[in-house]
Amino acid sequence: MVLKSFVEVHLDSHFPIQNLPYGVFKPHPSSASRPGVAIGDYVLDLSEIASAGLFDGPLLNNSDCFHQPNLNKFVSLGRTAWKEARATLQKLLSATEPTLRDNANLRQKSLVPTNTVELLLPVAIGDYTDFFSSLHHTKNCGAIFVGPQAPVLPNWFHLPVAYHGRASSVVISGTDIVRPRGQAHPIGDTPPPFGPSSKLDFELEMATIVGPGNELGKPVDINNAADHIFGVVLMNDWSARDIQAWEYIPLGPFLGKNFGTTISPWIVTLEALEPFTCDAPKQDPPPLPYLSEKESKNYDISLEVRIKPVGHRDSCVVTRSNLKHLYWTLTQQLAHHTVNGCNLRPGDLLGTGTISGPEPDSLGCLLELTWNGQNPLSLNGETRRFLEDGDEVTSTGYCQGDGYKVGFGTCTGKVVPSPS
């Protein structure tokens with residue numbers, strides 16, 4: 001029997017009772033931040049549910065984790081606590097359970113229309129790492145920047161390549177992105193030009209939110225890595241390709257990447273994604289033992305990016321991809337991150353890197369879609385090689401169930417001019 005909620009949920013909603021993603025919100029501008037879950041067009045205020053004594057399981061009964069301004073304390077509790085909370089919430093919101101359904105006062109206090117709230121970063125992000133885990137994206141970038149003869153370096157097939165990003169510039173969906181300024185590649189013997197980036201790009205990504213961390217010096221075993229992942233969000237790691245191309249040798253990305261990274265407000269848990277697992281691509285050569293999983297799986301999550309050009313009412317789809325195209329899995333990324341003893345902490349953000357598929361319309365950034373500006377896109381009668389001031393980029397993603405969707409909502413940002 002399909003589980004149904006007493007809260008009305010439209011068939012095309014990303015937030016049925018099978019999902020229940022976690023976020024943080026303010027019901028009013030003067031309110032304190034508090035955790036919630038999305039259900040249909042509402043946010044369920046978990047501080048109200050906790051105050052009513054409805055989290056009565058052994059792990060959450062006396063916990064103040066839902067009276068915090070972010071989700072860090074809750075995500076640190078681990079998978080057993082997450083499952084207890086999910087079971088409690090699915091029961092409370094089900095159509096056959098009267099506890100919340102028939103309590104008009106509690107229902108009014110705890111179910112808040114989403115369009116009236118302010119959604120915030122769901123966790124305090126202490127550290128942010130961005131991986132490079134799509135083979136199709138890696139091949140294309142290598143061909144553009146290095147040449148087609150050897151676009152993928154040999155180490156890429158042996159480890160999940162990554163760099164450390166800047167947690168302070170991770171922002172919530174809806175935040176404007178200021179066009180960055182920096183140096184670009186010089187032409188001939190002239191000094192490098194300095195000014196606003198002329199090759200501003202989006203990157204279609206997802207990211208894991210770390211749950212319990214690991215002690216310094218103690219790596220996470222690959223087959224236990226999923227227990228350290230609370231859930232997944234949409235992510236756009238904005239990129240200035242001209243700044244990046246000049247600076248990235250020899251130490252990799254810096255100012256071309258760290259000026260802004262946007263994430264969606266709702267964290268979809270691994271429990272909600274479990275019905276949508278699929279086999280990961282075969283890895284050749286086989287990974288070293290510390291990256292060899294008993295069960296190597298990805299998730300079948302349909303992804304889409306739309307761009308609304310400045311001055312236009314309508315947006316255009318520019319790419320459709322899927323998380324299942326990742327070569328290195330989410331669990332391999334986490335285990336590799338800790339193999340040297342690096343300690344992860346609750347709320348850390350691990351980006352997947354750009355998620356590109358094998359087809360021309362499944363490429364995850366403008367660098368690939370326009371082949372570094374050589375083949376401009378047509379958007380509502382306008383052309384785009386890279387993003388212009390006023391352009392708005394929106395990514396979305398969902399899994400298709402039997403009569404329902406488990407989705408992530410949207411991840412949106414608009415480019416605003418660089419200050420003069």
Side-chain angles (χ1 to χ4, degrees), residues 7 14-15 19-57 59-78 81-82 84-86 88-90 92-93 99-100 103-128 167-176 207 209-213 230-231 233-234 261-269 345-349 408-413:
V7 178
H14 282 201
F15 308 126
N19 191 352
L20 302 184
Y22 289 87
V24 167
F25 74 106
K26 285 185 177 183
H28 306 288
S30 60
S31 303
S33 307
R34 75 280 308 275
V37 297
I39 177 71
D41 295 330
Y42 292 86
V43 180
L44 181 67
D45 188 334
L46 298 185
S47 68
E48 294 287 354
I49 298 300
S51 294
L54 298 182
F55 286 109
D56 54 2
L59 296 176
L60 299 176
N61 185 32
N62 295 312
S63 176
D64 64 352
C65 63
F66 295 127
H67 293 286
Q68 304 295 319
N70 55 52
L71 287 163
N72 290 56
K73 186 167 185 177
F74 176 56
V75 306
S76 73
L77 297 180
W82 307 337
E84 182 179 299
R86 180 173 173 82
T88 298
L89 292 170
Q90 284 193 323
L92 286 173
L93 289 166
T99 304
L100 180 58
N103 186 332
N105 182 50
L106 181 57
R107 202 172 61 243
Q108 183 178 17
K109 288 194 298 183
S110 63
L111 282 168
V112 188
T114 306
N115 62 7
T116 68
V117 309
E118 179 186 2
L119 295 171
L120 307 169
L121 284 174
V123 289
I125 301 167
D127 284 294
Y128 156 49
S168 64
S169 55
V170 178
V171 296
I172 195 64
S173 175
T175 305
D176 288 345
I209 303 294
V210 174
F230 176 66
V233 296
L234 298 168
T261 301
T262 306
I263 65 171
S264 55
W266 298 111
I267 307 172
V268 178
T269 64
R345 295 175 295 185
D348 282 356
L349 186 73
F408 295 79
T410 58
C411 179
T412 299

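- By the side-chain contact (heavy atoms from CB on, under 4.5 Å) test, Ser51 is found to be paired with His67, residues two or more places apart in sequence or in another chain being considered.
- Every side chain to side chain donor-acceptor pair (under 3.5 Å) that Asp64 has, sequence neighbours left out, goes to Gln68, Lys73.
- Under the salt bridge (charged side-chain N to carboxylate O under 4.0 Å, His left out) criterion, Arg345 pairs with Asp127, sequence neighbours left out.
- When all heavy atoms of Gly126 and Ala167 are compared, the closest pair comes out as O-CB, 3.8 Å.
- The closest side-chain heavy-atom distance from Thr410 to Leu234 is not below 4.5 Å.
- When all heavy atoms of Leu100 and Ser110 are compared, the pair lying nearest together is CD1-OG, 3.7 Å.
- Between the CG atom in Leu119 and the OG atom in Ser173 there is a gap of 8.5 Å [rounded to 0.5 Å].
- Nearest approach of Gln90 to Leu20, heavy atoms of both residues: CG-CD1, 3.5 Å.
- Rounding to the nearest 0.5 Å gives a distance of 12.5 Å between OH of Tyr128 and CG of Asp348.
- Residues Ala85 and Phe66 come closest through the heavy atom pair CB-CZ, 4.4 Å.
- Contact check for Phe408 versus Pro21: no side-chain heavy atoms found under the 4.5 Å cut-off.
- Side-chain atoms of Thr412 do not come within 3.5 Å of backbone N or O of Gly174 as any donor-acceptor pair.
- When all heavy atoms are compared, the tightest approach of Pro265 to Ile172 is CA-CD1, 3.5 Å.
- Distance check, rounded to the nearest 0.5 Å: CG of Leu46 to CG of Leu71 gives 8.0 Å.
- The distance from atom CD1 of Ile49 to atom NZ of Lys109, rounded to the nearest 0.5 Å, is 9.5 Å.
- Ser63 places no side-chain N or O within 3.5 Å of a backbone atom of Leu60 that could act as its donor or acceptor partner.
- For Ser169, there are no side chain to side chain donor-acceptor pair (under 3.5 Å) partners at least two apart in sequence or on another chain.
- Sorted by first and then second residue, the side-chain hydrogen bond (donor to acceptor under 3.5 Å, both in side chains) pairs involving residues 112-124 (not counting sequence neighbours) form an empty list.
- Residues that satisfy the side-chain contact (heavy atoms from CB on, under 4.5 Å) test with Asn62, not counting sequence neighbours, are absent from this structure.
- With sequence neighbours excluded, the residues satisfying side-chain contact (heavy atoms from CB on, under 4.5 Å) with Val233 are Ala207, Ile209, Ile263, Ser264, Ile267, Leu349.
- The side chain to side chain donor-acceptor pair (under 3.5 Å) search around Thr269 returns none, not counting sequence neighbours.
- Looking at residues two or more places apart in sequence or on another chain, you find no side chain to side chain donor-acceptor pair (under 3.5 Å) involving Ser76.
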Verdict with supporting geometry, Asn70 and Leu121, side chain to side chain contact (heavy atoms under 4.5 Å, CB included):
CA-CA 8 Å; Asn70 55 52; Leu121 284 174; over 6 Å; no

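- Annotation: the span from Leu93 atom CG to Leu111 atom CG amounts to 7.0 Å, rounded to 0.5 Å.
- Remark: Phe230 pairs with Tyr22, Phe74, Trp82 by the ring-ring contact (aromatic ring centres under 6.0 Å, His included) rule, at least two apart or across chains.
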For residues 36-45, dump all side-chain donor-acceptor pairs below 3.5 Å to protein atoms at least two apart in sequence or in another chain.
from: Asp45; atom 1: OD1; to: Ser47; atom 2: N; distance (Å): 3.0
from: Asp45; atom 1: OD1; to: Ser47; atom 2: OG; distance (Å): 2.5
from: Asp45; atom 1: OD1; to: Glu48; atom 2: N; distance (Å): 3.4
from: Asp45; atom 1: OD2; to: Arg34; atom 2: NH1; distance (Å): 2.7

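- Here the shortest heavy-atom pairing between Ser33 and Leu120 reads OG-CD1, 3.1 Å.
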